[in-house]
Student: 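If you scroll down you'll find the structure; I have some questions about it.
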Amino acid sequence: MNSVSFSLVCFLCFTQFSSISCEKKVYLALYYESLCPYCSNFIVNYLPNIFKNGLIDIVDLKLVPWGNTKLLENNTFTCQHGKDECFLDVVEACAINAWPDLNGHFPFIYCVESLVYHRNYTQWETCFEKLNLKKKPVTECVGSERGKELELHYAAETNALQPPHKYVPWVVVDGQPLYEDYEDFISYICKAYKGTTPVPGCSSSINVIKMGRKLNSFCLKQTAISKLSTISSAITSWLNRAKLTASA
């Protein structure tokens, strides 16, 4: 296990000794798909920060691996980044099902997404050995109808979002989507926290919400991509007609 993975597991294990036990936690939900590069970047480089400075003590994290997947007839589905993404989405859904506690499934998903981030996701099964986890609960789930059932559940949950998600990663804090500001999610967590116990991770001056649009930092829904393609085709067609008219 590399030093980053080891440190992450240590942070997770430490949380069981939390000093904040009775106060209401801030609900944090991440709607994502396994092979979206912006999702893996968020999971690997941003999300682990909640395991530092007491932040995990005030956060109730939920991961929803469905994203921009399209539900088709007969409860089949197609994924934005192909069959490999569909497969890994099911793998991660099965991991959440096998180890419902965050301490169980997050290190595994972090490991898989680290491989995605480094473009080596075909080696996802090495995460079992790295984390000393039994693979059977996950592999049996993936190879059965249970994996599909879990994904259909996540499909219903994602499609019921209000407002509907526009892209992934789609980060929601206490029911409110962060849109393009998702990388500043810790600032929103600290703002939403209503407890009285001081949280070191929320006392830093850097945790100030930074408003402003971030470009090209998400994977658009396929419907949005189709609309953009249609607009682009219409503009190209209009320009071609204009050229023909000018040359006549």
Student: Take F42 and W170, measure what ring pair (Phe, Tyr, Trp, His ring centres under 6.0 Å) needs, and give me the verdict at the end.
Tutor: CA-CA 10 Å; F42 181 74; W170 188 255; over 10 Å; no
Student: Apply side-chain hydrogen bond (donor to acceptor under 3.5 Å, both in side chains) to Y46 and N41, showing your working.
Tutor: CA-CA 7 Å; Y46 290 87; N41 177 56; 4.8 Å; no
Student: Between F108 and F128, is the ring centre distance below 6.0 Å?
Tutor: yes
Student: Tell me, do L102 and D60 make a side-chain contact under 4.5 Å, heavy atoms counted?
Tutor: no
Student: Can you tell me if Q176 and Y27 form a side-chain donor-acceptor pair at under 3.5 Å?
Tutor: no
Student: Considering only heavy atoms from C-beta outward, does the side chain of V171 approach that of Y188 to under 4.5 Å?
Tutor: no
Student: Evaluate N159 against H165 for side-chain hydrogen bond (donor to acceptor under 3.5 Å, both in side chains), listing each step before the verdict.
Tutor: CA-CA 8 Å; N159 292 335; H165 86 286; 5.6 Å; no
Student: Is it true that E149 and R146 have a side-chain N and a carboxylate O under 4.0 angstrom from each other?
Tutor: yes
Student: Answer yes if the side chains of Y121 and D84 hold a donor-acceptor pair under 3.5 Å, and no otherwise.
Tutor: yes
Student: For K136, check salt bridge (charged side-chain N to carboxylate O under 4.0 Å, His left out) against everything at least two apart and list the hits.
Tutor: E140
Student: Return the set of residues passing disulfide bond (SG atoms under 2.5 Å apart) with C39 (not counting sequence neighbours), or none when no residue passes.
Tutor: none
Student: List the steps and the verdict of side-chain hydrogen bond (donor to acceptor under 3.5 Å, both in side chains) for Y32 and E92.
Tutor: CA-CA 11 Å; Y32 73 103; E92 296 186 12; 2.5 Å; yes
Student: Salt bridge between K62 and E157, side-chain N to carboxylate O under 4.0 Å?
Tutor: yes
Student: Would you say that L30 contacts I43 through its side chain, given a criterion of any heavy-atom pair below 4.5 Å between the two side chains?
Tutor: yes
Student: Please work out whether the ring planes of Y110 and F106 are parallel, tilted or perpendicular, with thresholds of 30° and 60°.
Tutor: tilted
